[in-house]
Number of protein chains: 2
Amino acid sequence: MKEKYMISSTKFVVKKLKSFIDLTDNEISTFSSMPSRLITLSAGREIVHEGQRAHNAFILLDGWVASYKLLPDGTRQIIDFQIPGDFLGLRSLLLRTSDHSFEAITEITIAEVSAQNIKSTFAKSPRLASAILWAASRDEAMVVEHLVNIGRRSAIVRTAHFLLELGIRLNLIGVGTKNSYPCPLSQYLLADALGLSAIHINRVLRQLREQNLMTFQKGIVHFDNLEKLIELADFQVGYLDQDEPIIRNDTGHTGH
Amino acid sequence: MKEKYMISSTKFVVKKLKSFIDLTDNEISTFSSMPSRLITLSAGREIVHEGQRAHNAFILLDGWVASYKLLPDGTRQIIDFQIPGDFLGLRSLLLRTSDHSFEAITEITIAEVSAQNIKSTFAKSPRLASAILWAASRDEAMVVEHLVNIGRRSAIVRTAHFLLELGIRLNLIGVGTKNSYPCPLSQYLLADALGLSAIHINRVLRQLREQNLMTFQKGIVHFDNLEKLIELADFQVGYLDQDEPIIRNDTGHTGH
DNA sequence: CGCCGTCTTGAAGATTCTCAACACCAGTGG
DNA sequence: CCACTGGTGTTGAGAATCTTCAAGACGGCG
């Protein structure tokens, strides 16, 4: 019965991975049967990750998470939000990474997977490994996009861009529609992600509303005029789309 | 004689890699003998990279490069600067990455290496592969740090932080001293990297000078009061140091 | 010499922040 | 049932930060 639960609860991850590489049923079951420990955490809890040395990673099965860095003056910068299907701490397992904290925004369910099990799963199925690495590298590309967003775009463009990006990501895992999605983020969280104050976020959202471009109220993001919004936000879908990697199911280590 | 030239001109890369993993002479010569095409470009030239599909990468042997993204309003955000020993386009070879442009800031010498040759070199020497991947992943960590820098730090702290980081990076390849280094960046370039206007950069540099913290004039960065500057900038050395990766000379594909 | 890129400074203006106050709602305990 | 509380959203007013426009200085280089 645990098995059954796993299969149903990995649906978001599987959907996401499939959007990158069309996995076979066999590969999917290899993935779903990866030994893991299910953990449920309530909103506001921190996901402890004991630095870079932790020999495990987490798959976010349900709920939303924020990864962030605290600054000495008490402010914080949210690096990115994780939605169902995303990995937590995978990068710090594979590569060096600036260590940051994770906080549950909603109640969440995560599956803890040991580095050892990830390695053996990668060995069992190179195409699966490729899909996972490819998904992880998309997250890297998003960080660069956020850098551009915060560095050079005005508050209104920045906000629009960010909420559009979230919409695309949610679409990939089958949540929401083209014009609307549920969003549990408070204006404070949005502010910390966009490098703005919550009060200014509020004003910006009002502007977007008054210009009939989009609304974000009561936990629902709705795009009223998607076309004009994409134009305003200078939104390029390129960095989120499903192109194939150049070096696929081996990164060069195995030679040929 | 090309061989000989290569050996001398790879000294920065070797120095950098050695700071991550103590490579043997054998491994170093494997690296230095990697077939490559030397290219010299004058300042201001763009390094053409034909999108993500390019089956090659570059090693920056000498000079400085900026990687950046242009925005439709003509402004740009510089993602990072590359200094001698850094790789260009390696990530887009291994992983997906938001594609950006490269521009030579000074006259530069780069070595073009094909994906094929990188793969076979990685196969020949796993420890070398590990060192290179580890170096590349440090650059990822820096992007996150830049995000925090731009998102949540004031102009003066941001500038100080960035110039300190550059100093550490240059020290790793044996350029400059603890308190001083040559820096070919114009105030315009610095502005585009920090998400500020060049005029404001100028004022910020003056403030730093007037507070006897540091100077940046005539192409020389000098730290007058390193300790106070590090405190002001909230600078953590952690993400640049030389810790070992968790998964070393294989990323999991080869099993164990 | 003249030109161009860079640095510098002033002044005005735009964007964004901080402080403060209030509305709303869900939950909680009396 | 109601008062209280804490989290969130909203709005106003003033202040700080940063940008834009404008002008001039300096140095390298054709």
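Treat the numbers as computed from the prediction; the structure is a model and nothing was measured. Each chain gets a letter, A, B and so on, in the order the sequences are listed, and its residues count up from 1.
The span of DNA chain D lying next to chain A, judged by atoms under 4.0 Å from heavy atoms, is bounded 5' to 3' by D:dG9 to D:dA13.
No donor-acceptor distance shorter than 3.5 angstrom exists from the side chain of A:Ser42 to the backbone of A:Glu107, with no hydrogens or angles considered. Checking side-chain atoms of B:Thr106 against main-chain N and O of B:Trp64 turns up a donor-acceptor pair under 3.5 Å.
When all heavy atoms of B:Leu163 and B:Phe223 are compared, the pair lying nearest together is O-CZ, 3.6 Å.
Salt bridge annotation for B:Arg153-B:Glu145: present, with a cationic side-chain nitrogen under 4.0 angstrom from a carboxylate oxygen. Using a 4.0 Å cut-off between charged side-chain N and carboxylate O, A:Glu210 and A:Arg203 make no salt bridge. Salt-bridge formation is detected for the pair B:Asp192/A:Arg152: a Lys NZ or Arg NE/NH1/NH2 atom is positioned less than 4.0 Å from an Asp or Glu carboxylate oxygen.
Counting any heavy atom pair closer than 4.0 Å across all strands shown, B:Gly219 reaches no nucleic acid atom. Within the nucleic acid shown, A:Gly44 has no heavy atom closer than 4.0 Å to any nucleic acid atom. Within 4.0 Å of B:Ala155, counting heavy atoms only, lie sugar-phosphate atoms of the nucleic acid but no base atom.
Sequence order on DNA chain C of the closest nucleotides to B:Phe216 and A:His200 puts B:Phe216 first from the 5' end.
The side chain of B:Asn202 places no N or O atom within less than 4.0 Å of a non-bridging phosphate oxygen (OP1 or OP2) of C:dC7.
Applying a 4.0 Å cut-off to non-hydrogen atoms, the residues of residues 183-193 of chain A that approach DNA chain D are A:Ser186, A:Gln187, listed by residue number.
Applying the ring-ring contact (aromatic ring centres under 6.0 Å, His included) test to every pair with at least one member in residues 186-218 of chain B, sequence neighbours left out, gives no pairs at all.
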Worked verdict on A:Gln77 versus A:His100 for side-chain hydrogen bond (donor to acceptor under 3.5 Å, both in side chains): CA-CA 10 Å; A:Gln77 175 65 44; A:His100 37 256; over 6 Å; no
Trace of the side-chain hydrogen bond (donor to acceptor under 3.5 Å, both in side chains) decision for A:Gln217 with A:His222: CA-CA 9 Å; A:Gln217 281 174 320; A:His222 183 84; over 6 Å; no
Per-nucleotide protein contact string for nucleotides 19-28 of chain C (B base, S sugar-phosphate only, - none; heavy atom under 4.0 Å): BB--------
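Residues that satisfy the side chain to side chain donor-acceptor pair (under 3.5 Å) test with B:Thr75, not counting sequence neighbours, are B:Asp73. B:Asp86 meets the side chain to side chain donor-acceptor pair (under 3.5 Å) test with B:Lys16, B:Arg169; sequence neighbours excluded.
In this structure, the CZ atom of A:Arg206 is 15 Å from the P atom of C:dT16, given to the nearest Å. Going from atom CD1 of B:Ile201 over to atom P of C:dT6 covers 14 Å, rounded to whole Å. Counting to the nearest Å, the P atom of C:dC17 and the CZ atom of B:Arg153 are 17 Å from each other.
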